[in-house]
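So the structure is just underneath, and the comments pick up after that.
Within every chain, numbering begins at 1; the chains are lettered A, B, ... in the order of the sequence lines, protein sequences first and strands thereafter. As the structure is a prediction and not an experimental result, all values here were calculated from the model.
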Amino acid sequence: MNNVRNKPLVRDASVRSRDFEEVCLGFDAKAAKAESERCLNCKNAPCRTGCPVGVNIPLFISLLKGGDTGGAKRAILADSNLPSICGRVCPQESQCEKFCVRGIKGEPVAIGQLERFVADNADIPLEKAKATGKRVAVVGSGPAGLTCAGDLAKAGVEVTVYEAFHKLGGVLVYGIPEFRLPKELVRKEISSLEGLGVKFVTDAVIGKTLGVKELTESYDAVFIGTGAGLPMFMGIPGENLNGVFSANEYLTRVNLMKAYLETSDTPVYRAKKAVIVGAGNVAMDAARTALRMGAEVTVVYRRSRAEMPARAEEIVHAEEEGIVFHLLSNPVAINGENGFVKSVTCVEMELGEPDASGRRSPVVKEGSEFTIECDMLIMALGTSPNPLLTSSFKELQLGRKGVIIADETTGETSVKGVFAGGDAVTGSATVIKAMGQGKLAAKSILKMFENA
Amino acid sequence: MFRIARKNVLNFNTVEYEIEAPLVAKSCRGGQFVILRVDENGERIPLTIADYDRARGTVTVIVQTIGATTYKLSQKGEGEYICDLVGPLGNPTDLGDCENAILVGGGIGSAVIYPQTAEMKKLGKKVTVIVGAKTKELLIHEDDFRARSDEFIIMTDDGSYGEKGFVTDALKKLLDRGGYDCVFAVGPLPMMRAVCALTEGYGVKTIVSMNSIMVDGTGMCGGCRLTVGGKTKYACVDGPEFDGHLVDFNEAINRSKIYREQEAEHYCRLKGESVKL
């Protein structure tokens, strides 16, 4: 058997870097079949332990191998609500694929690509149980909220989802770019939830438009999945110059507001030379978006390539597209002219002892200052939870950095009947982890209803 | 969709819109703002709430037609709908400690000090209002202000009405007279900067309302950040009102120009005119 995995179709870097269409086109039927045959169908299924929602990976792959794509999708849907999205944005190399036995002596099975293939090629209508007469409010329409809403609606609960933005999907629509996750897929997932009777209310900022108390009073339970929306800055001189943006702002303008289209009224900064600070998925998204908007792009990151937190595929795609990586370097000052960014002064770093996270912490090299010219600088340093809701609802117990404290086994917060999950609880994690917590909360809410 | 219940053209480029938004009307207070979007391609723009009617379930905004979005909005008639309106965002005005305040409104900013004027009056406090406009035609809601203030001063740049001069001229006279414990100023950034420079000399507490560029209005984009007392603050969630003596106005003025060229181009294209910068 082959130790090398089948490769999905990927659009040529020179073409794709000039448009916003999807970069990876996935497997065709033949490649999917061939790849599914690489699965050893291990009895103990180590891959499942790497999946935050425990998708029965060997089962769905064996069904696919037998030609039953619909059955394969049903198998995935038993544990995951948004497979077409997870197949595209999960960091498979550090989850399921990391534990694949095939990976020991070769390349692991391309589980993510297979999931995507199954999700895209079978339509399974969601089924709804008899109405329970219970009502739940879900705050936030990102991955955690959508998942929780879906599971509850399937169980016959009447669900209303409140979203602060004018569009549904949370980070899936404002953060992740079209070329990595087509918004059509998000819309489709949402319309299938509408098919289950889930009601969506946009333009509703909970904590402002409506208080959490109003929700707890009129619903049988509340789920909070408000994400981690607050951008971080470095606190270095020149950060408020024109042309310095948070990745959140830049990506929101381009993705949510569609500023890359002529028809959009939303302005976006058109840079010739952009510097992106950070190396997570958001940094890669910002870098590749700036590239598509016509800029030459340099990524500045204080550690080395091995520590870059982004998905492996995104880093490779960024490199193929011509993004320059200035690793082991860190900005210390942003320089301007007439109020606009002109350049950024950085220092070189070297890796010292491992820190609390186990990653080797970078140390400044003496006398290593250097300057990169740029007319735009985007900070992609991570985010923290938004205090808008929590500051208006003091009963909620908060942890470090303002995250909502929720029981790990139930998702319930310090307030009875109020559950939370996703980045609002973890601080900053992945789509799949948020989904997992949405599922957990839905399960606990249903259990609470049963025992009532 | 949000219905325009009433549209009132105040002058050649200023329009008042009363928009049905029951949830916003129910919880909003003076000093807060809303973000609206006219249509599917629309930009999200922040607008300070100029008035609200909880019984009718409406909020009122007063808008100067100066760019693409405000132009599109001006093309909407009474009974028509806009795509989105979200709020109330930001914190309400806190003039709780003031017993004898001067409220200063410049240009469109005079629309925004009206709820505070009415509220101060209702609480039985002394309130003096100064409004500034380029010309008489640009003055708005004169009668309402007159009815709800203890003293009402109009300044016009060209002297076509009230007194000729800037709001700071009138403000200086009042401050010389003394007895005021607070100034609340809303208007163009250079006006607020001038007001703060003046009041600082008199040691009178001054609150300003910052209408910065923003996208979401909930603390997510960081576009509205400004420096207040040496610290970075977000106009949307920390404000929009701040101690004017601590605001770095020069930085705020610079930041307000980020998209100037693009916006001018887009507006001209929308109106089918040639681009003039």
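Rounded to the nearest 0.5 angstrom, B/Leu23 CG and A/Asp203 CG are separated by 10.5 Å. Rounded to the nearest 0.5 angstrom, B/Arg37 CZ and A/Thr202 OG1 are separated by 9.0 Å. With rounding to the nearest 0.5 angstrom, the CD1 atom of B/Ile213 is 8.0 Å from the CG atom of A/Asn242. Considering NZ of B/Lys26 and CG of A/Leu210, their distance stands at 6.5 Å, rounded to 0.5 Å. Atom-to-atom distance recorded for B/Asn254:CG and A/Asn338:CG is 8.5 Å, nearest 0.5 angstrom. Rounding to the nearest 0.5 angstrom, the gap separating the CG atom in B/Asp216 from the CE atom in A/Met257 is 10.5 Å.
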- Derivation of the side chain to side chain contact (heavy atoms under 4.5 Å, CB included) call for A/Glu239 and B/Thr232: CA-CA 10 Å; A/Glu239 256 178 341; B/Thr232 295; 5.9 Å; no

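B/Glu40 does not touch chain A: none of its heavy atoms, backbone or side chain, sits under 4.5 Å away. In this structure, chain A has heavy atoms under 4.5 Å from both the backbone and the side chain of B/Arg255. Proximity to chain B is limited to the side chain of A/Tyr174, based on heavy atoms less than 4.5 angstrom apart. With a 4.5 Å cut-off on non-hydrogen atoms, A/Leu261 does not touch chain B at all. Of the two parts of A/Glu214, only the side chain, counted from C-beta on, holds a non-hydrogen atom closer than 4.5 Å to a non-hydrogen atom of chain B. Using a 4.5 Å cut-off between heavy atoms, B/Thr218 contacts chain A through both its backbone and its side chain.
Checking A/Asn240 against B/Arg225 by side-chain atom types alone, a donor-acceptor pair falls below 3.5 Å.
Minimum interatomic distance between B/Gly219 and A/Pro231 (heavy atoms only, all atoms of both residues): O-CD, 3.4 Å. Residue B/Gly87 comes nearest to A/Thr209 through the heavy atom pair O-OG1, 2.7 Å, listed as atom of the first residue, atom of the second, then distance. Residues B/Met220 and A/Thr252 share a closest heavy-atom pair of CE-OG1, 4.2 Å. The minimum heavy-atom distance between B/Gly42 and A/Asp265, with the atom names listed, is CA-OD2, 3.6 Å. Pairing each heavy atom of B/Tyr234 with each of A/Phe233, the nearest pair is OH-CE1, 3.3 Å.
Side-chain contact between A/Arg253 and B/Cys221: absent, with no pair of heavy atoms (C-beta onward) separated by less than 4.5 Å.
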